[in-house]
There are 2 protein chains.
Amino acid sequence: MLSLAEENYLKSIYHLSDAGEKAVLTNELAEALNTKAASVTDMVKKLSTKEFISYEKYYGVKITSKGKSVALAVIRKHRLWETFLVQTLGFKWDEVHEVAEQLEHIKSTLLIEKIDEFLGYPQVDPHGDPIPNAQGKIKKLEKTALKNLTAGSESTIVAVKDSDSNLLKYLEKIGAKPGKKLTVISKEEYDGSLQVAIESQHYFISKEVSENILVTL
Amino acid sequence: MLSLAEENYLKSIYHLSDAGEKAVLTNELAEALNTKAASVTDMVKKLSTKEFISYEKYYGVKITSKGKSVALAVIRKHRLWETFLVQTLGFKWDEVHEVAEQLEHIKSTLLIEKIDEFLGYPQVDPHGDPIPNAQGKIKKLEKTALKNLTAGSESTIVAVKDSDSNLLKYLEKIGAKPGKKLTVISKEEYDGSLQVAIESQHYFISKEVSENILVTL
DNA sequence: CTACAAATTTAGACTTACCTAAAAAAATAT
DNA sequence: ATATTTTTTTAGGTAAGTCTAAATTTGTAG
């Protein structure tokens with residue numbers, strides 16, 4: 001059985017590698033996990049022996065399919081719990097992350113399947129991120145950052161990055177939730193800021209924020 | 001912040017001491033926690049320094065009020081989660097214990113208050129055990145083991161001991177749930193076995209089982 | 001009340017997951 | 001192409017929580 005630390009490493013490696021596409025460097029991982037490079041080296045050696053990743057000294061790690069399926073199971077749990085917290089218990093967006101980080105490590109297949117059933121088999125979590133199924137398959141949609149749109153574009157918000165609580169509060173205030181329609185009214189080329197409409201309200205959005213809102217066309 | 005191990009020790013000490021009434025011996029604790037006496041000695045020293053218990057060498061430990069409030073918070077979480085698993089997710093009695101043992105350690109006051117609210121502030125868990133409130137107060141009812149009843153007694157089941165999964169399955173089969181009426185039809189003095197009626201069905205119950213069913217008159 | 005048994009504690013060790021400091025390798029800059 | 005910087009690894013250590021084996025204390029039985 002995997003430890004909490006091992007699960008967190010695999011989850012981070014999965015995310016940082018874009019779902020296993022590219023290798024992940026020691027320092028990236030150290031930063032993501034709030035730990036030191038030396039600790040990462042120790043752990044990746046262990047995960048490598050257990051064949052959840054392949055590790056080549058000085059060249060970073062790649063996640064194996066065995067590792068991927070662990071990561072996806074954890075991500076599935078995280079997203080189902082987030083959905084549960086928001087939809088069923090009425091948590092606010094910005095309150096769920098920390099708790100879901102704990103709940104994602106509860107070991108019980110039955111529990112997570114029951115939660116999935118209870119929620120009616122949702123496809124995406126409250127941030128719009130897709131929820132892997134029990135087999136680890138993800139349905140994915142074409143998404144792009146809001147900052148890539150040009151004036152006049154109409155789009156639907158599909159996700160926001162869920163890491164920063166202040167950002168989430170701000171997005172909540174302007175109603176920037178997954179599912180909402182968003183139209184780009186104008187774009188200032190010199191600083192990348194945008195004027196957008198969400199439900200006929202107009203907002204001024206900085207380039208920074210526009211990098212954290214993902215949309216489909 | 002208390003570790004998982006510390007929380008488990010305090011919970012066990014609370015239970016074994018009858019809610020803090022009597023001292024708990026090293027070996028009892030070792031047995032309850034599936035560990036060795038030497039490990040218990042180490043941990044009780046630590047908990048004692050932190051003033052969750054008072055510890056006198058060779059004489060066992062007593063839980064302090066500080067320790068009690070930790071234990072009760074954990075027990076509250078355990079029982080609320082069990083209630084949630086059974087009532088909301090449709091778990092069977094005998095499936096909840098293990099999962100609740102994990103969920104009881106999730107750290108989030110908000111979460112447990114929301115669960116409590118969602119469940120409509122239940123007073124007892126699915127085994128009939130009382131759920132402490134947020135302040136750690138327990139409403140208690142007079143209960144006695146079924147084995148103490150005599151022929152002819154009518155009673156209501158209030159609780160069953162939740163430790164043994166086989167026992168729980170058996171009790172489920174005969175419909176011995178909290179809330180059900182139970183009448184003692186006859187009692188065999190030589191082996192302590194009972195004949196009882198639950199919902200007009202008659203069952204033969206061994207002394208052992210009758211020690212694990214708690215009732216009110 | 002002494003001797004043996006049972007319970008408990010101490011001593012020393014192990015594992016996991018960290019850490020710091022120093023060494024080594026790789027990347028970069030002149 | 002060499003020197004410097006950055007990244008990564010190694011070496012050695014720490015804390016939590018566990019263990020076994022030995023020592024000590026307490027309880028018990030003759």
Side-chain angles (χ1 to χ4, degrees), chain A residues 1-17 22-63 67 70-71 74 98 101-102 104-107, chain B residues 1-17 22-63 66-67 70-71 74 101-102 104-107:
Chain A
M1 182 159 303
L2 293 186
S3 71
L4 196 146
E6 290 171 320
E7 287 192 350
N8 281 333
Y9 270 81
L10 289 173
K11 188 177 57 145
S12 281
I13 292 168
Y14 180 87
H15 283 313
L16 291 172
S17 68
K22 44 180 213 192
V24 177
L25 304 176
T26 302
N27 267 358
E28 295 181 72
L29 213 38
E31 162 133 26
L33 291 162
N34 251 296
T35 183
K36 296 296 153 71
S39 310
V40 171
T41 302
D42 285 350
M43 181 58 105
V44 299
K45 277 183 190 163
K46 182 165 66 150
L47 289 172
S48 173
T49 316
K50 295 188 178 181
E51 302 190 298
F52 292 109
I53 59 179
S54 61
Y55 165 55
E56 245 194 299
K57 262 189 182 185
Y58 297 104
Y59 284 93
V61 302
K62 282 206 65 177
I63 195 161
V70 172
V74 175
E98 245 189 298
E101 289 286 306
Q102 297 179 61
E104 74 189 6
H105 300 291
I106 299 289
K107 272 148 179 90
Chain B
M1 182 160 305
L2 291 187
S3 71
L4 195 146
E6 290 172 319
E7 287 192 351
N8 281 334
Y9 269 82
L10 289 173
K11 186 176 59 145
S12 282
I13 293 167
Y14 180 87
H15 283 314
L16 292 172
S17 69
K22 44 180 213 194
V24 177
L25 302 176
T26 302
N27 267 358
E28 294 180 73
L29 211 38
E31 162 131 28
L33 290 161
N34 250 296
T35 184
K36 297 296 153 70
S39 310
V40 171
T41 302
D42 285 349
M43 182 58 104
V44 299
K45 277 183 191 162
K46 183 165 67 149
L47 289 173
S48 173
T49 316
K50 295 189 177 181
E51 302 191 297
F52 292 109
I53 58 179
S54 60
Y55 165 55
E56 245 195 299
K57 263 190 180 184
Y58 297 103
Y59 285 92
V61 302
K62 282 206 67 178
I63 195 161
K66 189 177 163 194
V70 171
V74 175
E101 290 286 305
Q102 297 178 60
E104 74 189 7
H105 300 291
I106 300 289
K107 271 150 179 85

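Chain letters run A, B, ... following the sequence lines, proteins first, then strands; residues in each count from 1. Because only heavy atoms are used, hydrogens play no part in the values below, and waters and symmetry mates are left out as well, while side chains stay in.
- Here the P atom of nucleotide dT9(C) and the NZ atom of Lys45(B) are 8 Å apart, to the nearest Å.
- Taking atom CG of residue Leu29(B) and atom P of nucleotide dT9(C), one finds them 11 Å apart after rounding to whole Å.
- For the OP1/OP2 pair of dT7(D) and a distance below 4.0 Å, the side-chain nitrogens and oxygens of Lys57(A) include no atom meeting the criterion.
- Rounded to an integer number of Å, the gap from CG of Asp42(A) to P of dT14(D) is 16 Å.
- Residues passing the side chain to side chain donor-acceptor pair (under 3.5 Å) test with Glu7(A), sequence neighbours excluded: His105(A), Lys107(A).
- For residues 48-58 of chain A, the pairs satisfying salt bridge (Lys or Arg N to Asp or Glu O under 4.0 Å) are Glu6(A)-Lys50(A), with sequence neighbours left out.
- The CD1 atom of Ile63(A) lies 6.0 Å from the CD1 atom of Ile13(A); values are rounded to the nearest 0.5 Å.
- Remark: Ala23(B) pairs with Lys62(B) by the side-chain contact (heavy atoms from CB on, under 4.5 Å) rule, at least two apart or across chains.
- For dT20(D), one of the phosphate oxygens OP1 or OP2 lies less than 4.0 angstrom from a side-chain nitrogen or oxygen of Lys36(B).
- Here the CE atom belonging to Met43(A) is positioned 11.0 Å from the CZ atom belonging to Phe52(A), to the nearest 0.5 angstrom.
- Note: Leu10(A) CG to His15(A) NE2 = 11.5 Å, rounded to the nearest 0.5 Å.
- Rounded to the nearest 0.5 Å, atoms OG (Ser3(A)) and OH (Tyr9(A)) are 10.0 Å apart.
- One interatomic measurement links the two molecules: CE of Met1(A) to P of dT15(C), which rounds to 20 Å at whole-angstrom precision.
- For the pair Glu56(B) CD and dT25(D) P, the computed distance is 15 Å after rounding to whole Å.
- The interatomic distance linking Tyr59(A) (OH) with dT9(D) (C1') rounds to 14 Å, in whole Å.
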TODO: Let me have a per-nucleotide readout for nucleotides 2-7 of chain C, 5' to 3', with B, S or -, counting only protein heavy atoms under 4.0 Å.
DONE: -----S
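- If you check residues 3-13 of chain A against DNA chain D, you find no residue with a heavy atom closer than 4.0 Å.
- Using a 4.0 Å cut-off, no side-chain N or O of Ser39(A) falls inside it from OP1 or OP2 of dC18(C).
- In this structure, of dC18(C), dT10(C), dT9(D), it is dC18(C) that holds the atom nearest to the side chain of Thr35(A).
- The shortest distance between the side-chain N/O atoms of Tyr55(B) and the OP1/OP2 oxygens of dT8(C) is not below 4.0 Å.
- Listed here is the closest heavy atom pair of Lys22(A) and Leu16(A): CE-O, 3.5 Å.
- Look at CE on Met43(B): it is 11 Å from P on dC19(D), rounded to the nearest Å.
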In a table with atom names and distances, give each donor-acceptor pair under 3.5 Å that connects a side chain of residues 25-36 of chain A to protein atoms at least two apart or in another chain.
| from | atom 1 | to | atom 2 | distance (Å) |
| --- | --- | --- | --- | --- |
| Glu28(A) | OE2 | Leu25(A) | N | 2.8 |

